[in-house]
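What you see below is based on every heavy atom in this structure, not just the backbone, and it leaves out hydrogens, waters and symmetry mates. Keep in mind it's a predicted model, so treat the numbers as computed, not measured.
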Amino acid sequence: RQWIGAGNFDLLHLHEPAIPSISLLACWAAEGPMVGTFHAAAKRQKIIFAIKTNKKMVILLLGSGGREHALASKMLQSSKCSTLFVAPGNAGTAVIATNITISPTDFNALKSFAIQEKVEMLVVGPEDPLVLGIYDFFKKDSELSHIPVIGPSKVGAQLEGSKEFAKEFLVKHKIPTAAYDSFTAATVEKGCLFLETLQPPYVLKADGLAAGKGVLIIQDLEEAKTELRNMLVHAKFGNASAKVVIEEFLDGIELSCFVLTDGQQYKILPTAKDYKRIGEGDTGLNTGGMGAISPVPFVDSVLLDKIETRIVKPTVEGLQKDGIEYKGFIFIGLIIVKGEPIVIEYNVRMGDPETEVVIPRIKSDLVELFQAVANGNLNDVSLAIDQRSATTVMMVSGGYPEEYEKGKEIFGLDKMEDSLVYHAGTKIENGKLVTNGGRVLAITSFGNDFQEAIKKSYQNIDKLHFDKMYFRKDIGKDLK
């Protein structure tokens, strides 16, 4: 009879009974006793191997939105996840995981927490910590370098962090994209002259991160010139618009392609289409996203093949050629013009609210996929997809994406039937669930087609209420 410790693994109780075998008993969190039987002559390393293959991980997820609630829900379905922390999380993640009050960009605080709690994987939800270099921070720190980070290096994150960097990457690797030029405050008048060479509408993009709101599409030339000056000279989007990319307008239908890569191999996740504008009929200001549908019904095998061969494959190969470390998600914003896919933008994480329809459709073990990304053997893991359609509708605070009030009590979640509810901007205050952001809840439903799914989402939304609640009633109508 003896007790052994195996690193971070649970203690194992070994005993040799009368018959020539060894019973191996281990108490694993959330699973109860697990028993394996090995011949008495079995070598010690074989037993340790059995321990490792059944090992559960402590995982830290960064972020606080609906995207993170959806990722957390899926990761907790994995037999490989024992403990999930979310920094900072929301009222939804608090129910299923453990929230910690650390900002995703406070790298030193995250380091201390990761060491204290023996974190074994870091999954990065939002773009800010990636653009600031959290992958490099962990990799270069001797106390953290053993922890895999699901997300690209700081250089790789520039695909989202700088529109100009992304454009240069696209052109360099001959990936289809719109014609463009970039300007600073010093060249703003040249930018105005460049606008005169284009046909309306005019597309102005803040070079840096602007919370999904740094793109302006303007019909009038003089208004476009005024907004260009506002962005460059008057810092309309702060440092994000210190440089502005002016782009040729492309007329087509948009969709999102999501890729998971270990830097060499890749898996293409389900396609999705989101709805950015606040108003019905795709009018009004840009938002972080008002709803989404997956799969995109007009995407057939011919278009998917074009997307993979002309865009996905050369993107991953381009990262390799440029020596850019990239282990995580690539979100490729596409526009389809006369049947041909063209890249509008790259993001270096999953989209929101697209995550709320893409991730629920993944039937495979998400943590196992992340492990394969970290280990560089993604091709060894299969990707199984639920063939049903999924839709989500975002409930937002009145006034969003401009000024809005927080702290409105939310009613009706206990009446939800046959839908998934992902929390975005919520918190518990004095024992009550209240709003805590512009985008508040995402209501996701499945159906045999997107019409059936969206009908379920809207039926459940009718049961929800908070003061000044708003949502778009036309999600998916453009696809009918």
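In this structure a side-chain-to-backbone donor-acceptor pair under 3.5 Å is present from R472 to R277. E68 places a side-chain N or O within 3.5 Å of a backbone atom of G65 that can act as its donor or acceptor partner. The backbone N or O of G281 sits less than 3.5 Å from a side-chain atom of D474, completing a donor-acceptor pair. Under a 3.5 Å cut-off, the side chain of R439 and the backbone N or O of D352 do form a donor-acceptor pair. A donor-acceptor pair under 3.5 Å is formed between the side chain of Y275 and the backbone N or O of G476. T444 places a side-chain N or O within donor-acceptor distance of the main-chain N or O of E356, the cut-off being under 3.5 Å. Here the side chain of E120 pairs a donor or acceptor atom with the backbone of V58 at under 3.5 angstrom.
Other residues, nucleotides and ligands contribute only 12 or fewer heavy atoms inside 6.0 Å of the NZ atom of K139. With a 6.0 Å radius and a threshold of 12 heavy atoms from other residues, nucleotides or ligands, D462 has its CG atom above the threshold. With a 6.0 Å radius and a threshold of 12 heavy atoms from other residues, nucleotides or ligands, N239 has its CG atom at or below the threshold. By the 6.0 Å contact criterion, NZ on K313 is open, its count of non-hydrogen atoms from other residues, nucleotides or ligands being 12 or less. Within 6.0 Å of the CD atom in E196, the count of heavy atoms belonging to other residues, nucleotides or ligands exceeds 12.
With respect to the salt-bridge test (charged N to carboxylate O, under 4.0 angstrom), the residues E417 and K463 qualify. Checked for salt-bridge contact, K276 and D274 meet the test: a charged N lies under 4.0 Å from a carboxylate O.
Classification of the F331-F258 ring pair by plane angle, with boundaries at 30° and 60°, yields tilted. Under the 30°/60° scheme for interplanar angles, the aromatic rings of H69 and Y422 are found to stand perpendicular.
Ring centroids of F113 and F85 are separated by less than 6.0 Å, placing the two rings close together.
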### Query
Under the side-chain contact (heavy atoms from CB on, under 4.5 Å) criterion, do M469 and K408 qualify, and how do the steps go?
CA-CA 9 Å; M469 181 179 85; K408 306 295 186 182; over 6 Å; no
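In this structure, the ring pair (Phe, Tyr, Trp, His ring centres under 6.0 Å) partners of H173, at least two apart in sequence or on a different chain, are F169. Scanning for side-chain hydrogen bond (donor to acceptor under 3.5 Å, both in side chains) contacts around K243 gives E164, with sequence neighbours left out.
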